[in-house]
Amino acid sequence: MAKRDYYEVLGVSKGASADEIKKGYRTKAKELHPDRNADNPKAEAQFKEANEAYDVLKDADKKAAYDRFGHAAFEGGMGGGGRPGGGQQGDFGSAFSDVFDDLFGDFMGGQRGGGGRRAARGSDLRYNLRISLEDAFAGMQKTINVPASVSCGSCNGSGAEGGSEPTTCPTCSGMGKVRAQQGFFTVERTCPTCSGMGQIIKNPCNTCGGAGRVEKDRSLSVNIPAGVETGTRIRLAGEGEAGMRGGPTGDLYIFIDVTEHKLFERDGTNLFCRVPVSMGTAALGGSIEVPTIDGGRGRVQIPAGSQSGRQMRLRCKGMPALRGGSAGDMFIELAVETPVNLKSRQKELLREFEDLSEENNPESSSFFSSVKSFWDGMKG
């Protein structure tokens with residue numbers, strides 16, 4: 001069966017440029033790849049045919065021989081330097097690896113071969129932002145200054161001076177990688193001429209030195225939602241460092257650090273505080289006012305006979321939930337205060353209170369008398 005014309009196989013004209021030939025092969029490779037045509041038995045043969053055609057037409061010497069002699073250039077000994085890749089199917093590995101990144105780059109993160117054809121993405125940045133507990137409760141709009149690499153305004157990120165454009169690297173033909181044959185193996189390495197970029201700049205920009213980006217401080221307005229806590233991460237897409245020579249910009253990640261509060265301790269959406277209570281209020285009962293995180297005050301009823309460590313709750317007076325839902329509660333731990341610096345009359349009243357307590361509870365008085373006698377005996 002006669003072979004089809006290589007240009008026809010790739011769907012391009014005979015006067016097609018190298019980029020047009022590569023684009024035609026990429027289209028055919030995507031269309032005919034066996035993994036995408038499991039139910040088409042002819043796809044594999046057509047896929048190999050496209051590989052063979054591209055392996056010839058991508059090489060300037062082989063292409064010139066084919067344009068002059070057609071398929072006969074690679075049959076027998078006619079001056080084409082032998083068959084492409086040493087066989088009728090062409091050099092599959094060489095041809096297909098040229099477009100591997102275009103076919104599967106989205107799945108591999110664009111990091112595989114041919115990286116020079118894609119400008120490098122800018123780095124992601126981290127910004128640590130410290131806020132108060134009150135700000136975390138209410139939410140806020142915060143302006144921050146971020147030092148970062150931004151696209152050069154003089155060359156619009158291209159890295160070239162005076163409106164000129166970068167040119168394709170002659171060493172790697174824009175691939176960003178070069179291959180060397182070592183025995184039966186082909187070794188691929190980063191192009192030493194363009195450092196993997198696939199392009200070179202003959203007239204670099206005076207402002208950025210050909211990098212396509214410059215260092216600059218930027219002011220950004222950040223929305224801090226209510227309910228954030230230490231460790232909360234806020235992502236600002238496209239606010240990181242600019243990519244090299246017009247590459248996509250990275251992201252900015254803001255990490256929240258909520259400072260410790262003088263009064264409140266936080267556990268999730270709940271708040272805890274310790275409030276002093278007078279001995280009289282604890283014994284007789286009453287009500288006290290306590291500060292709340294929103295700047296207001298709440299009233300708490302203290303039952304008679306309350307002891308230190310007892311907890312009271314103010315519902316929905318804690319922190320708001322970051323992702324919706326009801327607010328947390330505020331828990332108040334009572335700390336009964338022992339009076340100090342008593343006046344004479346106060347001391348008399350306390351002694352009278354103690355005497356009355358012993359009369360009302362003789363068993364307790366007898367118990368303490370027994371304890372006192374025991375210790376006195378130990379001392380003797």
Legend entry - Greater than 12 external heavy atoms within 6.0 Å of Glu265's CD: no
Inset, instruction - Can you establish whether the number of heavy atoms outside Arg68 located under 6.0 Å from its atom CZ is more than 12? - result: no
Legend entry - Euclidean distance, Asn128 CG relative to Ile254 CD1, rounded to 0.5 Å: 10.0 Å
Legend entry - Minimum-distance pair of heavy atoms, taken over all atoms of Leu322 and Pro225: CD1-CG, 3.8 Å
Inset, instruction - Can you measure from SG (Cys172) to CZ (Arg179) and round to the nearest 0.5 angstrom? - result: 10.5 Å
Inset, instruction - Could you tell me whether Lys23 atom NZ has more than 12 heavy atoms of other residues or ligands within 6.0 Å of it? - result: no
Legend entry - Flag if over 12 foreign heavy atoms under 6.0 Å of CD, Gln141: yes
Legend entry - Nearest atoms (heavy-atom pairs only) where Val214 meets Cys208: CG1-CB, 3.8 Å
Legend entry - Least distance between heavy atoms, Gly11 atom then Lys28 atom: N-CE, 4.4 Å
Legend entry - Chi angles and distances behind the side chain to side chain contact (heavy atoms under 4.5 Å, CB included) call for Lys14, Asp5: CA-CA 10 Å; Lys14 289 190 176 182; Asp5 179 80; 3.9 Å; yes
Legend entry - Any donor-acceptor N or O pair under 3.5 Å, side chains Glu49, Tyr6: no
Inset, instruction - Assess the side chains of Asp294 and Thr292: does a donor N or O sit below 3.5 Å from an acceptor N or O? - result: yes
Inset, instruction - Could you tell me the separation between the CD atom of Glu229 and the OG1 atom of Thr269, rounded to the nearest 0.5 Å? - result: 9.0 Å
Inset, instruction - Tell me, with the steps shown, if Lys58 and Lys22 meet side chain to side chain contact (heavy atoms under 4.5 Å, CB included). - result: CA-CA 7 Å; Lys58 75 172 184 175; Lys22 184 184 295 183; over 6 Å; no
Inset, instruction - Return yes when atom CZ of Arg218 has more than 12 non-hydrogen atoms of other residues, nucleotides or ligands closer than 6.0 Å, and no otherwise. - result: yes
Legend entry - Distance-only side-chain donor-acceptor flag, Glu215 / Ser149, under 3.5 Å: yes
Inset, instruction - Following the transitive rule for hydrophobic clusters with a side-chain heavy-atom cut-off under 4.5 Å over Ile, Leu, Val, Met, Phe, Trp and Tyr, establish whether Phe255 and Val258 coincide in one cluster. - result: no
Legend entry - Verify same cluster id: Leu129, Val228 (apolar side-chain graph, 4.5 Å): yes
Legend entry - Side-chain touch Ile224/Asp135, heavy atoms, less than 4.5 angstrom: no
Legend entry - Residue that, paired with Cys205, satisfies side-chain contact (heavy atoms from CB on, under 4.5 Å) out of Ile201, Asn203, Thr207: Thr207
Inset, instruction - Kindly indicate whether the side chain of Val222, heavy atoms from C-beta on, has any atom under 4.5 Å from the side chain of Leu236. - result: yes
Inset, instruction - Can you see which heavy atom on Ala50 is nearest to which on Leu10, and at what distance? - result: O-CD2, 3.8 Å
Inset, instruction - Answer yes if the side chains of Lys63 and Tyr7 hold a donor-acceptor pair under 3.5 Å, and no otherwise. - result: yes
Inset, instruction - Can you measure from CZ (Arg299) to CD1 (Ile288) and round to the nearest 0.5 angstrom? - result: 9.5 Å
Inset, instruction - Considering non-hydrogen atoms only, spot the tightest contact between Asn206 and Glu161 and give its length. - result: N-OE1, 2.8 Å
Inset, instruction - Return yes when atom CD of Gln346 has more than 12 non-hydrogen atoms of other residues, nucleotides or ligands closer than 6.0 Å, and no otherwise. - result: yes
Inset, instruction - I would like to know whether Lys3 and Val9 meet side chain to side chain contact (heavy atoms under 4.5 Å, CB included); could you show each step before the answer? - result: CA-CA 10 Å; Lys3 286 188 176 182; Val9 170; over 6 Å; no
Legend entry - Stepwise salt bridge (Lys or Arg N to Asp or Glu O under 4.0 Å) test for Glu52 and Lys48: CA-CA 6 Å; Glu52 180 181 342; Lys48 292 180 179 179; over 6 Å; no
Inset, instruction - For the pair Phe331 and Phe272, name the ring-plane relationship: parallel under 30°, tilted 30 to 60°, perpendicular over 60°. - result: parallel
Inset, instruction - For Thr193 and Thr171, indicate whether the former's side chain and the latter's backbone hold a donor-acceptor pair under 3.5 Å. - result: no
Inset, instruction - Measure from the side-chain N and O atoms of Asp257 to the backbone N and O of Thr230, and report whether any donor-acceptor pair falls under 3.5 Å. - result: no
Inset, instruction - Report, as yes or no, whether the 6.0 Å neighbourhood of atom CZ on Arg297 holds more than 12 heavy atoms from other residues, nucleotides or ligands. - result: yes
Legend entry - Aromatic ring pairing His71/Tyr66, orientation class (parallel under 30°, perpendicular over 60°, tilted between): perpendicular
Inset, instruction - Report yes if some heavy atom in the side chain of Phe137 is under 4.5 Å from a heavy atom in the side chain of Pro320; otherwise report no. - result: yes
Legend entry - Heavy-atom donor-acceptor pair, Asn51 side chain to Phe47 backbone, under 3.5 Å: yes
Legend entry - Sub-4.5 Å side-chain heavy-atom contact between Lys202 and Thr167: yes
Inset, instruction - Compare all side-chain heavy atoms of Ile293 with those of Met330 and state whether any distance is below 4.5 angstrom. - result: no
Legend entry - Residue Gln311 excluded, over 12 heavy atoms near CD under 6.0 Å: yes
Legend entry - Modelled atom types, side-chain donor and acceptor of Asp59 and Tyr54, under 3.5 Å: no
Legend entry - Least distance between heavy atoms, Glu20 atom then Val12 atom: O-CG1, 3.6 Å
Inset, instruction - Treating Ile, Leu, Val, Met, Phe, Trp and Tyr as nodes and any side-chain heavy-atom pair under 4.5 angstrom as an edge, say whether Leu350 and Val277 lie in one connected cluster. - result: no
Inset, instruction - Inspect the contact between Arg345 and Glu348 and indicate whether a charged nitrogen and a carboxylate oxygen are less than 4.0 angstrom apart. - result: yes
Inset, instruction - Could you tell me whether the side chain of Gln307 reaches within less than 4.5 Å of the side chain of Leu334, counting heavy atoms only? - result: no
Legend entry - Note, Ser278 side chain near Glu337 side chain (heavy atom, < 4.5 Å): no
Inset, instruction - Tell me, with the steps shown, if His261 and Arg266 meet side chain to side chain contact (heavy atoms under 4.5 Å, CB included). - result: CA-CA 9 Å; His261 198 273; Arg266 180 178 182 178; over 6 Å; no
Legend entry - Separation between CD of Glu241 and OG of Ser151, rounded to the nearest 0.5 Å: 12.5 Å
Legend entry - Shared hydrophobic cluster for Leu133 and Met140 (ILVMFWY, side-chain gaps under 4.5 Å): yes
Inset, instruction - Report yes or no: do Leu252 and Ile234 belong to one cluster of Ile/Leu/Val/Met/Phe/Trp/Tyr joined by side chain heavy-atom distances under 4.5 Å? - result: yes
Legend entry - Distance (rounded to the nearest 0.5 Å) between Asp251 CG and Asp124 CG: 5.0 Å
Inset, instruction - Determine whether Leu314 and Val290 make a side-chain contact, defined as any pair of heavy atoms from C-beta on separated by less than 4.5 Å. - result: yes
